[in-house]
Amino acid sequence: MKIRTKLFVFIPLLVLLLNCIAFFIFQSGKKVQESYDVMMQRIFLYKQISLETQENVRFLSSYLIHQDENSYKELIEHKKKLEMLQSLLTERKLEGDDAFILENYKNMLSVFLQREQSIINQLVNKHLTGYADQYNEIEKIASFIREDSQALVDVELSLYQPVYKQMLQHTARMNELGGMLFILTTILSIVFAIWLSRTIVIPIHHLVHAAKNISAGQLDTRIPRFDGYDEIGLLGKTFQHMIENLRILISKNMEILEKEKLVRELELKALQSQINPHFLFNTLNVISKLAYIEGAEKTSELTVSTSNLLRYNLRKLDQPVTLREEVEHAKEYFAIQKARFRDRVTFQLEIDESCLDQPIPCLTLQPLIENAFIHGIEGMEEGANIQLIIEEKRNCIQVTIADNGVGMPYDVQRAIMNASYSLTKTGHSTGLGLENVLRRLQLFYGVEKILDIKSAPNEGTAIILRLPRRESDVQATYC
């Protein structure tokens with residue numbers, strides 16, 4: 001069961017149980033309170049009637065003495081209160097001998113109100129004779145009402161004595177039940193807390209402890225297995241798989257590092273057995289100066305071109321250059337190839353000067369021109385031509401390197417466009433093929449569609465680069 005399901009099931013059940021207990025206790029207390037209220041309301045009614053009759057007698061006596069407007073208003077007000085209490089009394093019923101007492105009580109109250117009204121009428125009509133006897137009779141009735149009120153109170157108390165005992169017993173049972181329910185809910189809460197701790201908190205604590213050990217480099221830490229199929233169990237299994245994969249990855253990385261170490265050692269030994277390229281560069285400069293002094297100007301120029309070509313190749317390939325530097329380097333390369341092919345080949349430049357500040361990866365044009373020599377025109381005895389065209393097209397700069405050689409087969413074109421074919425051959429001066437150039441251009445400009453090839457058998461080949469226009473952030477550097 002998932003953790004969310006556990007929480008959404010058990011917590012509402014516990015809350016529902018507590019609410020049911022609270023509602024049951026509330027309802028039981030409410031019933032006891034209602035029974036008690038009924039008894040007290042009846043007792044208070046008898047007491048109020050007794051007190052109000054006494055008040056009516058007192059205000060009637062005051063009105064007989066003063067016979068003014070204020071006394072009359074006060075008398076009428078208390079008479080209305082007594083009549084209202086009489087209306088409440090009519091709803092009360094008793095059985096047996098108690099019913100006779102209640103009926104007699106009601107009748108005396110009715111007679112009291114009638115005599116009182118009779119005296120008030122006589123005084124209002126100025127009949128000043130005969131009300132004295134009625135007043136004495138009212139006083140007697142008021143004393144009887146007071147005595148019967150106490151008697152009815154005693155009757156109510158005697159009637160409610162069994163009910164009161166039941167109330168006490170019910171209250172005692174409710175107290176016992178409340179205590180039992182309190183103990184039960186406490187036990188359930190403790191059990192739920194322990195269960196929640198065993199299924200959630202403790203496993204998480206184990207995982208945190210294991211994570212700390214792993215962060216300290218102890219990859220041999222074993223994750224404890226958790227029963228169940230909840231998130232904690234899945235997290236533990238995933239954690240264990242992660243540690244195992246991490247061990248495998250570290251092992252593979254160690255093997256790779258060891259292999260790289262061996263390769264670097266071999267490269268170092270190979271470099272130690274070779275001539276220092278900077279020493280060779282300086283030597284070529286000395287040869288160039290010596291050839292110039294001796295009058296061999298063409299040999300001097302060829303040596304300078306070779307020196308410049310070497311110097312350009314010694315720079316870091318991960319640093320961008322401008323198209324201007326690439327074009328100058330291409331000219332140096334062609335000068336060297338011109339010494340080899342002589343009049344068999346011509347190099348034609350069509351360059352828009354406004355495009356030469358465009359940044360471009362180092363050693364981009366030379367490998368393409370080199371491919372044109374090797375794969376395009378190398379077998380031609382005469383009339384070979386290589387063109388380098390740089391022009392602006394809409395939002396890009398178009399670089400075209402074309403030859404009139406043997407052309408390129410269609411399957412080779414398709415393979416190159418799919419970036420799965422390399423034209424690198426042993427003997428290239430740079431060791432960089434078309435695939436390498438294409439991939440570096442794609443990474444440099446962040447564009448996939450950057451190369452196009454137009455070729456046909458015996459009609460030559462045109463390599464077209466469409467470079468997105470960028471502001472140059474490259475300063476010209478010279479090695």
Side-chain angles (χ1 to χ4, degrees), residues 256 312-313 315-330 333 348-377 386-426 428-457 459-477:
I256 293 173
Y312 195 84
N313 288 343
R315 69 188 301 157
K316 293 183 179 180
L317 295 180
D318 59 346
Q319 294 181 353
V321 296
T322 62
L323 263 178
R324 189 183 309 277
E325 293 176 272
E326 281 289 290
V327 170
E328 293 299 324
H329 179 64
Y333 174 76
Q348 194 173 356
L349 298 176
E350 297 180 16
I351 298 174
D352 185 351
E353 290 290 333
S354 63
C355 300
L356 294 183
D357 291 329
Q358 169 79 3
I360 191 171
C362 183
L363 289 178
T364 297
L365 298 184
Q366 180 195 332
L368 301 180
I369 297 174
E370 188 172 4
N371 284 333
F373 273 103
I374 295 174
H375 300 283
I377 65 169
I386 295 178
Q387 290 181 311
L388 174 60
I389 304 172
I390 300 177
E391 56 188 340
E392 188 170 4
K393 296 282 187 178
R394 294 186 180 179
N395 296 326
C396 70
I397 293 175
Q398 182 170 298
V399 178
T400 304
I401 299 172
D403 65 75
N404 60 346
V406 297
M408 184 183 296
Y410 177 74
D411 57 340
V412 176
Q413 296 181 44
R414 185 174 58 183
I416 293 174
M417 296 303 295
N418 292 330
S420 62
Y421 184 84
S422 175
L423 295 179
T424 303
K425 280 189 176 182
T426 303
H428 281 211
S429 61
T430 61
L432 297 176
L434 183 55
E435 179 188 9
N436 182 286
V437 172
L438 173 60
R439 186 56 183 159
R440 287 193 298 126
L441 287 172
Q442 290 174 338
L443 294 174
F444 184 78
Y445 292 107
V447 178
E448 291 295 326
K449 296 181 179 180
I450 205 166
L451 174 70
D452 193 12
I453 299 176
K454 294 182 178 179
S455 180
E459 293 184 8
T461 301
I463 304 295
I464 301 173
L465 303 178
R466 294 183 177 88
L467 310 179
R469 189 71 168 173
R470 284 177 56 176
E471 294 294 330
S472 176
D473 54 356
V474 180
Q475 296 182 352
T477 57

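- For the residue pair Leu441 and Pro361, the shortest heavy atom distance occurs at CD2-CD, 3.6 Å.
- Side-chain atoms of Gln358 come within 3.5 Å of backbone N or O of Pro468 as a donor-acceptor pair.
- Panel note: side chain Thr322, backbone Pro359; no donor-acceptor pair is recorded below 3.5 Å.
- In this structure, Ile360 and Tyr445 approach most closely via the heavy-atom pair CA-OH, 3.7 Å.
- The structure places CZ of Phe444 at 9.5 Å from CG of Leu467, a figure rounded to the nearest 0.5 Å.
- A pairwise comparison of heavy atoms in Gly376 and Asp403 identifies CA-OD1, 4.0 Å as the closest pair.
- Leu465 is listed as a side-chain neighbour of Leu451, based on a closest heavy-atom distance under 4.5 Å.
- Checking side-chain atoms of Glu391 against main-chain N and O of Val399 turns up no donor-acceptor pair under 3.5 Å.
- Smallest separation of non-hydrogen atoms from Ala462 and Thr400: CB-CG2, 4.4 Å.
- The minimum heavy-atom distance linking Arg324 with Glu353 is given by the pair NH1-OE1, 3.4 Å.
- Listed for the Glu326 side chain is a donor-acceptor partner under 3.5 Å among the backbone atoms of Thr364.
- Taking all atoms of both residues into account, the shortest heavy-atom contact from Leu323 to Cys355 is CD1-O, 3.4 Å.
- Using a distance-only test at 3.5 Å, with no hydrogens or angles considered, a donor-acceptor pair links the side chain of Gln413 to the main chain of Met408.
- Counting heavy atoms of neighbouring residues, nucleotides and ligands inside a 6.0 Å radius, atom CG of Asn395 does not exceed 12 of them.
- With rounding to the nearest 0.5 Å, the separation of NZ in Lys393 from CZ in Arg469 is 14.0 Å.
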Start with the C-alpha distance between His329 and Leu365, add both sets of side-chain angles, then the distance that settles side-chain contact (heavy atoms from CB on, under 4.5 Å), and finish with yes or no. CA-CA 8 Å; His329 179 64; Leu365 298 184; over 6 Å; no

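- Considering OG1 of Thr461 and CG of Leu368, their distance stands at 12.0 Å, rounded to 0.5 Å.
- Distance CD1/Ile374 to CD1/Ile369: 12.0 Å, rounded to 0.5 Å.
- For the atom pair CD1 (Ile401) and CD1 (Ile390), the distance works out to 8.5 Å, reported to the nearest 0.5 Å.
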